[in-house]
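Structure first, commentary second.
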Amino acid sequence: MERFDELLPLFTTSLYETILMVGISLVIATIIGVPLGVLLVITRAGHLAPNKWLFQILNTIVNIIRSLPFIILMLAIIPFTELIVGTSIGIRGAIVPLIVYIAPFIGRLVETALLEVDYGIIEAYRGMGASRIQIVSRIILREARSGILLCMTIALIGLIGATAMAGVIGAGGLGDLALRYGYQQWDLPVMFGTVIILIVLVQIIQSLGNYGAKKLKKTV
């Protein structure tokens, strides 16, 4: 019982720190990633606004960032992180690399979802005089919203995994708890407790994502 009373505040604080990092990073990364995904679709050859150079630049940037494991990316952009938030450690120091890491991932996932939209529908609305903005906002995004929600679910789970590695720079969270207590002190209850919390968290997120996507698909 004493051990439980000792561990409960640790798990509670770490879970709060993880949710805080994930929440802030996901919101900002979504604001960047969704428009990025849209641009990757509409600027490709034969689409709404073909632009070879813009597509190649965006595509290359996404590929470069996605080719780097998070731990390497986090260390490589330390000067950029310090420039943006004034520090490279703690929760603030982790949020910048988390955004840089997950935003291109969201962009690529959104691109995949949007490409599933039947181009015949787009052509039909173009023939009726709809503008590009109208087609993107009212047709493409609407038709793909179920797939986009599933993509966001995948991105959210990936972000949780990335926050676990953010413990290396003292960002707190479940990863830091597992590293300091579970690994360095070989505290098995802490290690197993962290694993169980992460498994439950991912299962809840995936289940909610699947349910929401199913509901959206029925209303399209």
Side-chain angles (χ1 to χ4, degrees), residues 21-68 70 73 77 80 84 95-163 202 204-220:
M21 283 190 287
V22 168
I24 295 174
S25 302
L26 183 66
V27 170
I28 299 175
T30 300
I31 293 172
I32 299 170
V34 172
L36 176 61
V38 171
L39 286 174
L40 284 169
V41 171
I42 66 174
T43 59
R44 64 180 54 235
H47 217 278
L48 279 178
N51 187 316
K52 178 182 177 181
W53 294 110
L54 181 58
F55 174 80
Q56 289 295 340
I57 291 171
L58 293 177
N59 191 55
T60 301
I61 291 173
V62 169
N63 287 339
I64 290 173
I65 296 177
R66 291 192 60 225
S67 67
L68 299 175
F70 175 70
L73 174 67
I77 66 168
F80 176 72
I84 298 298
I95 286 176
V96 173
L98 284 170
I99 293 169
V100 173
Y101 173 74
I102 210 66
F105 185 51
I106 291 174
R108 189 63 82 193
L109 290 173
V110 170
E111 176 195 16
T112 302
L114 297 184
L115 287 174
E116 294 295 318
V117 177
D118 186 358
Y119 194 72
I121 299 175
I122 299 173
E123 284 293 318
Y125 278 90
R126 289 183 74 178
M128 291 187 287
S131 67
R132 291 173 179 173
I133 295 178
Q134 289 175 327
I135 291 174
V136 170
S137 61
R138 300 181 184 179
I139 308 304
I140 298 179
L141 290 175
R142 179 178 174 81
E143 289 288 325
R145 58 186 181 176
S146 175
I148 291 175
L149 181 56
L150 285 176
C151 290
M152 296 306 298
T153 302
I154 295 171
L156 178 54
I157 292 172
L159 191 56
I160 291 173
T163 61
V202 169
I204 291 173
I205 291 170
Q206 188 65 63
S207 298
L208 290 175
N210 291 342
Y211 175 78
K214 186 176 180 181
K215 295 290 286 185
L216 285 176
K217 198 168 186 178
K218 288 181 179 179
T219 59
V220 171

Checklist entry - For Phe55, does its backbone N or O pair with a side-chain atom of Asn59 as donor and acceptor, under 3.5 Å? => result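 Between the backbone of Phe55 and the side chain of Asn59 there is no qualifying donor-acceptor contact (under 3.5 Å).
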Next on the checklist: If we ignore hydrogens and angles and just use 3.5 Å, is the side chain of Gln56 paired with the main-chain N or O of Trp53 as donor and acceptor?
Outcome noted: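 The answer is no, because no donor-acceptor pair under 3.5 Å joins these two groups.
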For a quick test of your reading: what N or O donor-acceptor pairs under 3.5 Å do the side chains of residues 21-35 make, sequence neighbours left out?
from: Ser25; atom 1: OG; to: Met21; atom 2: O; distance (Å): 2.7
from: Thr30; atom 1: OG1; to: Leu26; atom 2: O; distance (Å): 2.6

Show the nearest heavy-atom pair for residues [X] and [Y], with the distance to one decimal.
{"X": "Thr153", "Y": "Ile205", "value": "CG2-O, 3.7 Å"}
{"X": "Ala144", "Y": "Val117", "value": "CB-CG2, 3.8 Å"}
{"X": "Leu149", "Y": "Gly209", "value": "CD2-O, 4.0 Å"}
{"X": "Ala155", "Y": "Ile106", "value": "CB-CG1, 3.6 Å"}
{"X": "Pro50", "Y": "Ala45", "value": "CB-CA, 4.2 Å"}

Any chance you could measure [X], atom [atom1], to [Y], atom [atom2], to the nearest 0.5 Å?
{"X": "Cys151", "Y": "Glu111", "atom1": "SG", "atom2": "CD", "answer": "10.5 Å"}
{"X": "Leu58", "Y": "Leu39", "atom1": "CG", "atom2": "CG", "answer": "6.0 Å"}
{"X": "Leu98", "Y": "Ile160", "atom1": "CG", "atom2": "CD1", "answer": "11.5 Å"}

Any side-chain heavy atom of [X] within less than 4.5 Å of one from [Y]?
{"X": "Leu109", "Y": "Leu150", "answer": "no"}
{"X": "Leu73", "Y": "Val100", "answer": "yes"}
{"X": "Asn210", "Y": "Gln206", "answer": "yes"}
{"X": "Ile57", "Y": "Ile61", "answer": "yes"}

Item to check | Residue pairs passing the salt bridge (charged side-chain N to carboxylate O under 4.0 Å, His left out) test where at least one lies in residues 130-140, sequence neighbours excluded | outcome: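 Listed by first then second residue: nothing to list.
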Checklist entry - What pairs with Ile204 under side-chain contact (heavy atoms from CB on, under 4.5 Å), at least two apart in sequence or on another chain? => result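 Only Val200, Leu208 meet the side-chain contact (heavy atoms from CB on, under 4.5 Å) criterion with Ile204.
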Not counting sequence neighbours, list each pair that qualifies as a ring pair (Phe, Tyr, Trp, His ring centres under 6.0 Å) and has a residue in [range].
{"range": "residues 135-154", "answer": "none"}
{"range": "residues 136-157", "answer": "none"}
{"range": "residues 96-126", "answer": "His47-Tyr119, Phe70-Tyr101"}

Next on the checklist: Arg108 vs Asn63, test: side chain to side chain donor-acceptor pair (under 3.5 Å). Steps then yes/no.
Outcome noted: CA-CA 9 Å; Arg108 189 63 82 193; Asn63 287 339; 2.7 Å; yes
Item to check | Identified side chain to side chain contact (heavy atoms under 4.5 Å, CB included) counterpart of Val41 within the set Thr112, Leu114, Leu48 | outcome: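 When Thr112, Leu114, Leu48 are each tested with Val41, the side chain to side chain contact (heavy atoms under 4.5 Å, CB included) holds only for Leu114.
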